[in-house]
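Sequence positions, counted from 1, serve as the residue numbers for this chain.
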Amino acid sequence: MKKGEIYEGIIEKVDFPNKGYVQVDDQKVLIKNGIPGQNVRFMIQKKRSGRAQGRIMEVLEKSPLETREPVCSNFPACGGCMYQTMSYENQLEMKDRQIRELLEDALIQGGQTDAEGKADFEWEGIHGSPIEFGYRNKMEFSFGDEYKDGPLSLGLHKKGSTYDILNTDDCRLVHKDMTDILTCVRTFFQEKGASYYRKLQHVGYLRHLMLRRGVTSGEILVHLVTTSQEEYDLEPLKEQLLALPLEGRIVGIMHIINDSLSDVVKSDETRILYGQDYFYETLLGLKFRISTFSFFQPNSLAAEVLYNVVRDYIQNTSGMEVFDLYSGTGTIAQLLAPVAKEVIGVEIVEDAVEAARENAKLNGLDNCRFIAGDVLKVLDDLTEKPDVIVLDPPRDGIHPKALPKILSYGVNRIVYVSCKATSLARDLEAFLQAGYRLEKACCVDQFCETVWTEAVAVFVKD
């Protein structure tokens, strides 16, 4: 088997996240962007040290799991979705197995096993999202073209492509209000003949359109992200946006100037064209003010399910000192605060910390304290000792130098919320070595149609 060779085969299994396997003679080939049971033609991209990786060229035969038609016009070309031709029940079953097996393997390797050598913990299965479509409260769309030197496009990246941008006018991951805004903005700039930012040459004007919409409030923030290389009168765009017949309501329109070379949404300068730079969302009876760059779980209704699980796993926090590390806008902290003695939240994004403080005031909570800083450094300065710890780190998991500090507190219960379960599985070894055992775990599917799912685990001191 050599790089560039073409083979055919059936995807036997897909592991988390998005790792499919095809057996070719005695060689297992890793293939991304596939569904179990698909018969595919693929090209070998990498072959080294006995491992092979391929890229799907064509799906020759659909999987028996693909029992429904695509719900948007860009599937399967768009990188936003993976599994929309599978029933939601089948998606949940697959994700349930993926995360359970991942944790089982890590536990067996770490030695937390029963008399038969099987992973010894309670697996509580997967909780589905209350709504399957239109669930995302935030989406970043990119400007570009669908093909080299084509007309201006605005939407999501083509699967596996850094440069090709599809017009995702009927994207079903978001509410129709968002796609209506997207088409309005694209049409406006097409008529103006505006250029998009070319990442390699670092020239051009239009970069991103970031939209945020409260699922419970219907309040919408519109963020146009551009460079400072061109100037346009954006007053007519503002008027067109405010005239759209939306189900929700635009409460803020921002023009963000971003001249950085990296392809991320950030602000060198933010100009408010209309209204305000925040919106409100309600979760489990608490009100949250969410600003432009504040982290907030992207599926509000599934977040309620997630936080109910967290509350259940933590058990009673009455009179306790709680540390909420990687606290975002302080959602978990504020859900635990009513009965706790004090909750201390630590978060590196200053905007999110400001929002967390505002939210605590908004909800009448005076026993929440939020600190802006890196968990690794902040823990050195804290004199308080926690009774229980909640961890909700970014995708890469907990910094390897921060983890020993967290574990050294020796609290009886630690709840770990993970948006990338492979990071949780990696960190699991350190928990076991520090005298913890994984008591129970489950998944909450916040990301229907995609390869991702949230995992929640509770560790107890042996």
Side-chain angles (χ1 to χ4, degrees), residues 136-145 151-157 162-165 167-168 174 177-214 219-244 250-279 289-296 298 328-329 347-355 358 372:
R136 285 196 66 97
N137 57 41
K138 176 187 176 185
M139 192 66 109
E140 290 176 13
F141 296 108
S142 298
F143 287 94
D145 51 24
L152 181 70
S153 59
L154 174 58
L156 298 175
H157 284 261
T162 311
Y163 301 105
D164 297 343
I165 304 297
N167 283 314
T168 49
V174 297
D177 283 356
M178 288 199 188
T179 49
D180 286 350
I181 290 167
L182 176 146
T183 51
C184 174
V185 171
R186 185 185 60 238
T187 302
F188 177 84
F189 285 111
Q190 279 177 336
E191 288 171 357
K192 296 284 180 195
S195 66
Y196 71 87
Y197 180 73
R198 295 176 183 267
K199 287 177 268 195
L200 287 178
Q201 295 91 341
H202 308 304
V203 294
Y205 177 65
L206 298 164
R207 297 192 76 157
H208 298 94
L209 176 68
M210 182 170 79
L211 303 177
R212 303 194 76 158
R213 183 186 188 278
E219 294 181 346
I220 301 164
L221 293 184
V222 180
H223 308 86
L224 174 69
V225 186
T226 75
T227 67
S228 60
Q229 295 179 26
E230 296 173 20
E231 277 288 339
Y232 291 91
D233 178 10
L234 299 178
E235 191 66 22
L237 175 62
K238 181 188 90 174
E239 298 304 328
Q240 286 177 31
L241 287 169
L242 293 174
L244 288 172
I250 293 174
V251 295
I253 302 173
M254 268 64 67
H255 180 200
I256 294 175
I257 313 296
N258 175 15
D259 283 318
S260 72
L261 299 183
S262 59
D263 189 33
V264 292
V265 176
K266 53 181 287 195
S267 172
D268 295 333
E269 180 194 348
T270 299
R271 300 168 185 169
I272 299 179
L273 305 181
Y274 170 79
Q276 62 207 35
D277 61 353
Y278 58 88
F279 70 102
R289 171 177 157 153
I290 303 160
S291 56
T292 298
F293 292 108
S294 294
F295 173 77
F296 198 76
T329 46
E347 169 59 49
I348 200 163
V349 180
E350 290 193 22
D351 265 12
V353 172
E354 280 306 314
E358 289 284 336

A.B. asks: Is it true that atom CD of Glu230 has more than 12 heavy atoms of other residues, nucleotides or ligands lying nearer than 6.0 Å?
C.D. replies: yes
A.B. asks: As a test of understanding, state which of Val185, Val225, Leu224, Thr227 forms a side-chain contact (heavy atoms from CB on, under 4.5 Å) with Leu206.
C.D. replies: Leu224
A.B. asks: Do the side chain of Ser294 and the main chain of Ile290 share a donor and acceptor less than 3.5 angstrom apart?
C.D. replies: no
A.B. asks: Quick one, Leu209 with Val222, criterion side chain to side chain contact (heavy atoms under 4.5 Å, CB included). Give me CA distance, side-chain angles, the key distance, then yes/no.
C.D. replies: CA-CA 7 Å; Leu209 176 68; Val222 180; 4.0 Å; yes
A.B. asks: Kindly assign one of parallel, tilted or perpendicular to the pair Phe143 and Phe189, based on the angle between their ring planes and the thresholds 30° and 60°.
C.D. replies: perpendicular
A.B. asks: Identify the heavy atoms of Leu221 and Met254 that sit nearest to each other, and give their distance.
C.D. replies: CD2-CE, 4.0 Å
A.B. asks: Is a donor on one side and an acceptor on the other found under 3.5 Å between the side chain of Gln229 and the backbone of Tyr205?
C.D. replies: no
A.B. asks: Does Ile348 reach the side chain of Val353, with side-chain heavy atoms less than 4.5 Å apart?
C.D. replies: no
A.B. asks: Are Phe141 and Ile165 close enough, and set up right, to give a side chain to side chain contact (heavy atoms under 4.5 Å, CB included), and what steps lead you there?
C.D. replies: CA-CA 9 Å; Phe141 296 108; Ile165 304 297; over 6 Å; no
A.B. asks: Using a 3.5 Å cut-off and no angle test, enumerate the donor-acceptor pairs between side-chain atoms of residues 270-279 and protein atoms at least two apart in sequence or in another chain.
C.D. replies:
residue: Thr270; atom: OG1; partner: Ser267; partner atom: OG; Å: 2.7
residue: Arg271; atom: NE; partner: Glu269; partner atom: OE2; Å: 3.0
residue: Gln276; atom: NE2; partner: Tyr278; partner atom: O; Å: 3.0

A.B. asks: Would you say Thr168 and Leu182 make side-chain contact, with heavy atoms under 4.5 Å?
C.D. replies: yes
A.B. asks: Is a side-chain donor or acceptor of Arg186 paired with a backbone partner of Leu152 at a separation under 3.5 angstrom?
C.D. replies: no
A.B. asks: If every non-hydrogen atom of Arg136 is compared with every non-hydrogen atom of Val174, which pair is closest and at what distance?
C.D. replies: CB-CG1, 4.1 Å
A.B. asks: Going by heavy atoms in the side chains, are Leu242 and Ile253 under 4.5 Å from each other?
C.D. replies: yes
A.B. asks: Would you mind reporting whether Thr329 and Glu347 have side-chain heavy atoms less than 4.5 Å apart?
C.D. replies: no
A.B. asks: How far apart are the closest heavy atoms of Phe188 and Pro236, and which atoms are they?
C.D. replies: CE1-CB, 4.0 Å
A.B. asks: NZ/Lys199 to CG/Leu261 distance, rounded to the nearest 0.5 angstrom?
C.D. replies: 13.0 Å
A.B. asks: Quick one, His255 and Ile257 - any side-chain contact, counting heavy atoms below 4.5 Å?
C.D. replies: yes
A.B. asks: Please evaluate residues Gln240 and Thr187 with respect to the criterion side chain to side chain contact (heavy atoms under 4.5 Å, CB included), reporting the C-alpha separation (whole Å), side-chain torsions for both, the decisive distance (0.1 Å), and the verdict.
C.D. replies: CA-CA 11 Å; Gln240 286 177 31; Thr187 302; over 6 Å; no
A.B. asks: How far apart are the closest heavy atoms of Asp259 and Arg207, and which atoms are they?
C.D. replies: C-NH1, 4.0 Å
A.B. asks: Just by distance, no angles: are the side chains of His157 and Tyr163 close enough, under 3.5 Å, to form a donor-acceptor pair?
C.D. replies: no
A.B. asks: Side chain of Arg213, backbone of Met139: donor and acceptor closer than 3.5 Å?
C.D. replies: no
A.B. asks: Flag the pair Ile181 / Ile250 as yes when at least one side-chain heavy-atom distance between them is below 4.5 Å, and no otherwise.
C.D. replies: yes
A.B. asks: If I compare all heavy atoms of Leu211 with all of Met178, which pair ends up nearest, and what's the gap?
C.D. replies: CD1-O, 3.4 Å
A.B. asks: Do any N or O atoms from the side chain of Asp145 and from the backbone of Ser153 form a donor-acceptor pair under 3.5 angstrom?
C.D. replies: no
A.B. asks: How close do Ser291 and Arg212 get, heavy atom to heavy atom, and via which atoms?
C.D. replies: O-NH1, 3.0 Å
A.B. asks: Can you check side chain to side chain contact (heavy atoms under 4.5 Å, CB included) on Phe295 and Val349, steps first, answer last?
C.D. replies: CA-CA 8 Å; Phe295 173 77; Val349 180; over 6 Å; no
